[in-house]
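For reference, the structure discussed in these notes is given below.
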There are 2 protein chains.
Amino acid sequence: MPDMLVNNTHYRTIWFDPELDTVQIIDQTRLPYRFEISSLHTVQQAALAISTMRVRGAPLIGATAAYGLALAMRENPDDAMLSDACEMLIATRPTAINLRWAVMALRSELQSRSPEYRAEYAWQFAAQLCDNDAQACESIGEHGAALLADLAAKNENAVINVMTHCNAGWLATVDWGTALAPVYKAHDAGLNVHVWVSETRPRNQGFYLTAWELAAHGVPHTLIADNAAGHLMQTGQVDCCIVGTDRTLPTGDVCNKIGTYLKALSAKANAVPFYVAAPSSSIDWHGAQTAADIPIEQRGPDELTHVTGVSSAGELLNVRLGGCEVASTSTEFSNYAFDVTPADLVTALITERGTVPASQAGLRSLFPDRFSSQSAYCDG
Amino acid sequence: MPDMLVNNTHYRTIWFDPELDTVQIIDQTRLPYRFEISSLHTVQQAALAISTMRVRGAPLIGATAAYGLALAMRENPDDAMLSDACEMLIATRPTAINLRWAVMALRSELQSRSPEYRAEYAWQFAAQLCDNDAQACESIGEHGAALLADLAAKNENAVINVMTHCNAGWLATVDWGTALAPVYKAHDAGLNVHVWVSETRPRNQGFYLTAWELAAHGVPHTLIADNAAGHLMQTGQVDCCIVGTDRTLPTGDVCNKIGTYLKALSAKANAVPFYVAAPSSSIDWHGAQTAADIPIEQRGPDELTHVTGVSSAGELLNVRLGGCEVASTSTEFSNYAFDVTPADLVTALITERGTVPASQAGLRSLFPDRFSSQSAYCDG
C-alpha cells in the first residue's frame, strides 16, 4: 500500500493533479473536523499554506516549497521571480531545515538552466522530491518496525506501547510519516502496537492529526495530556518513544516540536528507549553546529488563547480561553514552537539508511558522503 | 494584608458567613470567566464541591472537608451521621492527603465527645484549621521569599523568573497559597518577580487560576504551554521553580499535579533550583511509604475532550475538541491527575517551619514530633 487511506481512498498530503493542472494539498488546519482538499495555484498560495500551517511537518513543507517554486517558474521563469520566490518561501518558517534545503537545492539547479527549461525541471524536481520522501519514510518504517519487533520479542509478544509527540505521521510528510512509519509497518505486519498520543499543546497536533491518522488506519491509541508522559514512563507503561525531527544536527542533537525535550528527559530517567525518526533531509549537514545556532520559531499567543471545537449545537466555533474579570490584560504569552533535545538523550536515530547512534560517528557511518560535501537534497 | 484581594475586597477561598449562617466558597469551576460565591448548606454539598472541583487544591479541600463535617454535625450529630459523613468526604478525591487527615483528625475528636457538643466543636475546628492553614502558608511565603531574595542578590537584582505549575496559589489554600506565597511576599517586598505560568492541561488551572490570581495581585507573569517548560530552563530563562504538593512522603518524594515530574527532571538537568512548598498538612507522616502506595486519581476523558471558552459573540460555551470524520470513536483517553517527583529531583521543601532538604533527615530536623507519633493535623 503506497499511500495512506482516508475514506477508502489513497492519499498523499500533496500532489500534482493533471486534470486541474495544479498542486493539491490536504488542508491540515481543518482536521480533524473536516477533510478538505485545497488547490495551490501560485507561489504566494504555497507560501501562505506553509506559514498558516495548512501544510506542516518538516518533510511536507520542504515538498510544498519545491512545488511552490514550480508554480513560480510556470508563472514567470526569470531570475527576479526565482529570487523573489525563494526568498518568500524561505521566510515562511525558520526552524525546519527541509524547507530551506529544498529551496536552495532547487534554486541552484534552476539558476544553472535557462529560463525556458526551468518550469519543467522544477515540476520534475518537486515530484521526485515527493517520491524520494515517501521512499525514505517507508524505509524508516521498515528499520523502525524491526526495533518494535525486537521489543515485542523481548516482551513475549505483549502489546508494545509506543509514545510519540506532536504529529510525525504521514500528514507531516508526503506519505508514511517518520515517527509513525514504524508503527504502521509493525501494525500491518501483525504486531500488537498501541500508541500514546500526547495532545501536543498549543496546536493539539497530536490530538487533531496523530489520533486522526491512527484512527483512520485502525491502530489502537490513547490520547493523553502532554503532562502525563512522565508518569506513564515512570510506571512502566511505555516501551519506547519515537518522535520526528525538524532539524537534526550532525552531532545528533534533535530540534523538534516543543515538549520533545521533556519526553526525552523522562525517557532517559526511566530507561525507556528514545528514538528519533530522522530522514537525511532533516539533517543540517553544513549549517547549525550547536543548538544555539538553530532559530527557534516563536508563534502568536492565539495558539494558547483560542481553540476550535464543536458546540453542543454541532457548530464549529473558535472560542477564547481564559481572560478574566480582574486585570486579564496583564497576562503575557510566550509560544516557542520547538526545543532541542541533546544527543545524549537520544537512544538512536532511525534514518532511511538504517538505525544509528545519535552522534557524528553514527551519522558518518551511514552518510559518509554528506559529511564531505554540500551534496544534493534528499537522495533517499 | 491578611486576605487576598479581588475587586478591592479581601477574600479567603472558604469562610463561615454568620449572617447567612452557612459556609461560603469561591466557585473555582467558574473562574476565570466569572467570580462567583456559592453557599454550602449540607455535607453532601461540601462533598460535591470537592468532587466537582468547585474547590480544589490540597489545603483547601482539607478545609472544605472540615466544614463539611461541621455541616453534617449541625444537621445530625449522631454516630451514624458522623461515620457516613466521613466516608462520603474521604471518597471524594483519593490523592491529596490533607482531605483524609482533616477528616480523620476531626472524626477522632468528635467521637470522643457526646453528640450535643459535636457541632460546636466541629465549627471551631474548621475555623481553626483555616486560620492555621493561612498562617502556615504565610510562613511558607516568608521562608520562600528569603530564597527569592537570595536569588535576586546573586543576579544583581535583575528580574527573578519563577516557574510554577498548576495552581498552588491562594485559591488552592485558604489564603496566601503555597507555591505562590513566596512570590506574593517577594513582590510585596519590592522584588522584581516574574512568573512563568504553564497552562497545566488538561484542566488549565495554571491558565485559569494562577494567571488570574497573579493578574489580580499585579504580579508580572507569562503564560506558556506545558511543553515549553524544558526549553525555557534550557535557555536560562528560569531562576527557580516553586510548585505545590498534594501529598509529600516522609522521604521527600512529592506527589503533585500531573506534569510536575517533567518540570523537575528539566530543572535537575539544567541546574535550576526546584522547590516544593509543602505545608506539614500535606505530609503523609504515617501512611504511604513509597510512590507506589499513593493512589493516583484518574479522571474522566471530558477534561481532555471539552473546554469552556468565549465565542466571538461573547457567549460562554463548552465545546468538544477533536473527533473526526474517520473512525473517531476508536480514540481512547487516559487522564492521570497526579505524578510523583522523586526526592532527588527536589532541591528543598519550603515548610511553615523553614526550608529543608527533601529527605527524612531534612523533615525530621524540623518536625521531630511528627515522626514519633500519630500527631494532630495541621498545627501550623
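There is no contact between A:Leu316 and chain B, counting heavy-atom distances below 4.5 Å. Within the 4.5 angstrom heavy-atom criterion, only side-chain atoms of B:Val307, from C-beta onward, approach chain A. Neither the backbone nor the side chain of B:Asn335 comes within contact range of chain A; no heavy atom of the residue lies under 4.5 Å from a heavy atom of that chain. Proximity to chain A (any heavy atom under 4.5 Å) is restricted, for B:Leu232, to the side chain, taken from C-beta onward. Only the side chain of B:His165 comes within contact range of chain A, with heavy atoms under 4.5 Å apart. Only the side chain of B:Ile296 comes within contact range of chain A, judged by heavy atoms closer than 4.5 Å. At a 4.5 Å heavy-atom cutoff, the contact between B:Phe333 and chain A is made by backbone and side-chain atoms alike.
Looking only at heavy-atom pairs under 4.5 Å with chain A, the residue among B:Tyr208, B:Phe207, B:Phe338 that has the most is B:Phe207. Taking B:Thr235, B:Ile224, B:Asn318, B:Leu31 one by one and counting their heavy-atom pairs under 4.5 Å with chain A, the maximum is reached by B:Ile224. For the set B:Ser266, B:Ala291, B:Pro342, B:Ala337, the count of heavy-atom pairs under 4.5 angstrom toward chain A peaks at B:Ser266. Note on A:Leu304, A:Asp339, A:Leu317: by heavy-atom pairs under 4.5 Å with chain B, the leading option is A:Leu304. Chosen from A:Ser334, A:Ala225, A:Ser312, the residue pairing most often with chain B at heavy-atom distances under 4.5 Å is A:Ser334.
When all heavy atoms are compared, the tightest approach of B:Asn227 to A:Arg201 is ND2-O, 2.9 Å. Here the closest heavy-atom approach between residue B:Ala215 and residue A:Ser330 is recorded as CB-OG, 3.4 Å. Residues B:Leu265 and A:Ala269 come closest through the heavy atom pair CD2-CB, 3.7 Å.
Looking at heavy atoms from C-beta onward, A:Tyr33 lies in side-chain contact with B:Leu321 at the 4.5 angstrom threshold. Side-chain contact check for A:Met233 versus B:Tyr261: every heavy-atom pair is 4.5 Å or farther apart.
Residues of residues 252-260 of chain B lying under 4.5 angstrom from chain A, judged on non-hydrogen atoms, are B:Ile258, B:Gly259 by number.
In this structure, the separation between NZ on A:Lys263 and CG on B:Leu262 is 7.5 Å, given to the nearest 0.5 Å. Summarising the geometry, atom CG belonging to B:Leu223 is positioned 9.0 Å from atom OG1 belonging to A:Thr305; distances are rounded to the nearest 0.5 Å.
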